Amino acid sequence: MTRKKLIAGNWKMNKTATDAVALAHDIVVALGSQQEVEVVVCPPFTSLEGVGKAIEGSVVKLGAQNMHFEASGAFTGEISAPMLRALFATHVILGHSERRTLFGESDELVNKKVLAALRNQLRPIVCVGESLAEREAGSTLKVIQTQTERALEGVSKELAAGIVIAYEPVWAIGTGKVATTEQAQEVHGFIRGLLTKLMGEGVSQRVRILYGGSMKPANAPELLAQKDIDGGLIGGASLEARSFLELVKAAASVC
Ligand code: 13P
């Protein structure tokens, strides 16, 4: 089965609202009407509205980088799924390793967020990944299994197919150290097998599994050609229109 490739830009805590709109505009112009690859940009909350307007009518979709699992209430500094929907966001990154390690997000919290996103028709991009110590200890697949199983607890088979999983080895994020294609494909294949066990073959063949961690135009073609790598979640290289577009082209070339 052919899954549409997905290239998502995680802008992290970068760009003022003005700079974000300018980048979104450049991406929209350069992409034109290409349909081969699904493209999502995830700016900071402060830029969601402006970027949403800049991409209106284009092929680019809007994602957030995080959200709270409650719809509203006394949660100072938080943003809810209905608030994201009201700005026409369609995707939300959940459980990014920076949220897990710097902000103490647990598997249980990530799961609550996944369920809340699905309740609100937002497509979660659920991040999983091992640390360097975990890889060196030989526990990569165990860590990935636990994070994936816990994130998907209580998710119905019908909704599971719409989830996107991003495999981001923590040691490859922002370090310039990319996983080898063999290392990445091994974990992606493992996640696909796990999804088959949990949700059935029909669902697992539809879920897109993205690679994230120092993906750049130079290493993307080889990674994206792997059978279980369905796209990329891009940090640094998504902050400039030119490199982001090269990644979209790389994904299009292996479609
Ligand atoms: P880099 O592409 O900067 O390594 O970041 C990857 C990432 O964390 C995307 O979510």
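Because the structure is predicted, anything quoted here is derived from the model rather than measured. Just follow the structure's listing: the first ligand is 1, and inside any ligand the first atom is 1. Keep in mind that the numbers below use all heavy atoms, side chains included, and drop hydrogens, waters and symmetry copies.
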Let me check something: any side-chain donor-acceptor pairs from residues 241-255 under 3.5 Å, sequence neighbours excluded? List them with distances.
unit_1 : atom_1 : unit_2 : atom_2 : d
Ser243 : OG     : Ala237 : O      : 2.9
Ser243 : OG     : Glu240 : O      : 3.3
Ser253 : OG     : Ala250 : O      : 2.8

Determine all donor-acceptor pairs shorter than 3.5 Å in which one atom belongs to a side chain in residues 47-63; sequence neighbours excluded.
unit_1 : atom_1 : unit_2 : atom_2 : d
Ser58  : OG     : Ile55  : O      : 2.7
Ser58  : OG     : Val60  : N      : 3.0
Lys61  : NZ     : Glu38  : OE2    : 3.0

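Exactly one of Glu136, Glu130, Glu134 qualifies for a side-chain hydrogen bond (donor to acceptor under 3.5 Å, both in side chains) with Trp171. That residue is Glu130.
Side-chain atoms of Tyr167 do not come within 3.5 Å of backbone N or O of Ile191 as any donor-acceptor pair.
Two residues are said to be in side-chain contact when any heavy atoms from C-beta on lie closer than 4.5 Å; Trp11 and Val41 meet this criterion.
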Enumerate, one pair per line, all nitrogen or oxygen atoms of ligand 1 lying under 3.5 Å from a protein nitrogen or oxygen, stating the separation to 0.1 Å; write 'none' if no such pair exists.
unit_1   : atom_1 : unit_2 : atom_2 : d
ligand 1 : 2 (O)  : Gly235 : N      : 2.9
ligand 1 : 3 (O)  : Gly236 : N      : 2.8
ligand 1 : 4 (O)  : Gly174 : N      : 2.7
ligand 1 : 4 (O)  : Ser214 : N      : 2.7
ligand 1 : 5 (O)  : Lys12  : NZ     : 3.3
ligand 1 : 8 (O)  : Lys12  : NZ     : 2.8
ligand 1 : 8 (O)  : His96  : NE2    : 2.8
ligand 1 : 8 (O)  : Glu168 : OE1    : 3.3
ligand 1 : 10 (O) : Asn10  : ND2    : 3.0
ligand 1 : 10 (O) : His96  : NE2    : 2.9
ligand 1 : 10 (O) : Glu168 : OE1    : 3.3
ligand 1 : 10 (O) : Glu168 : OE2    : 2.9

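Note on residues 146-171: pairs passing salt bridge (charged side-chain N to carboxylate O under 4.0 Å, His left out), not counting sequence neighbours, are Asp107-Arg150.
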